[in-house]
Amino acid sequence: MPSSHRRYAEWTPDRFRRWAASIGPQTEGLVIAILSSRPHPEQGFRTCLGVLRLFRDIEPNRAEAVSARAVEIGGLNCKSIASLLANHKAARHSTEPTAIVDHANLRGPDYFH
């Protein structure tokens, strides 16, 4: 095998999983989701490599938040993860309702009865 091909023979799903686990459990879950979403795990190697490169320059807690959000919305490619990083959409949505501001234009529940 040529030397340029030999380095790809060392890539395995477990190797990418271990790389992701060194960042955190959410990132490991993202890599597992990427590899399992492809018909053959080898088809997800380049995506995993790209994701891990994106996460190399950011804090682990932010990478974990982005990973959790990507799995939540099904964004299992580099483009969607880069978009999450760029737009700061990593924060999970809270389940608590937002507070309604009281002002003169609100009619209230009794208006329609």
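Positions are given from 1 along the sequence.
Contact check for Phe16 versus Ile32: no side-chain heavy atoms found under the 4.5 Å cut-off. Side-chain contact between Pro60 and Phe55 is absent, with no heavy-atom pair separated by less than 4.5 Å. Residues Cys48 and Trp11 form no side-chain contact, since every pair of their non-hydrogen atoms from C-beta on lies 4.5 Å or further apart. A heavy-atom distance below 4.5 Å is not found between the side chains of Thr27 and Val66. At a threshold of 4.5 Å between non-hydrogen side-chain atoms, the residues Leu30 and Ile81 count as touching. Inter-residue side-chain proximity for Gln26 and Val71 is flagged as unmet; no heavy-atom pair is nearer than 4.5 Å.
Under the side chain to side chain donor-acceptor pair (under 3.5 Å) criterion, the residue pairs touching residues 40-60 are Arg38-Thr47, with sequence neighbours excluded.
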Step-by-step side chain to side chain contact (heavy atoms under 4.5 Å, CB included) determination, Leu85 to Arg62: CA-CA 9 Å; Leu85 284 171; Arg62 183 160 181 233; 4.1 Å; yes
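Across every non-hydrogen atom of Leu35 and Pro41, the tightest pair is CD2-O, 3.4 Å.
Atom-to-atom distance recorded for Ser67:OG and Leu84:CG is 9.5 Å, nearest 0.5 angstrom.
Just one of Asn77, Ile34, Val31 meets the side chain to side chain contact (heavy atoms under 4.5 Å, CB included) condition when paired with Val51; it is Ile34.
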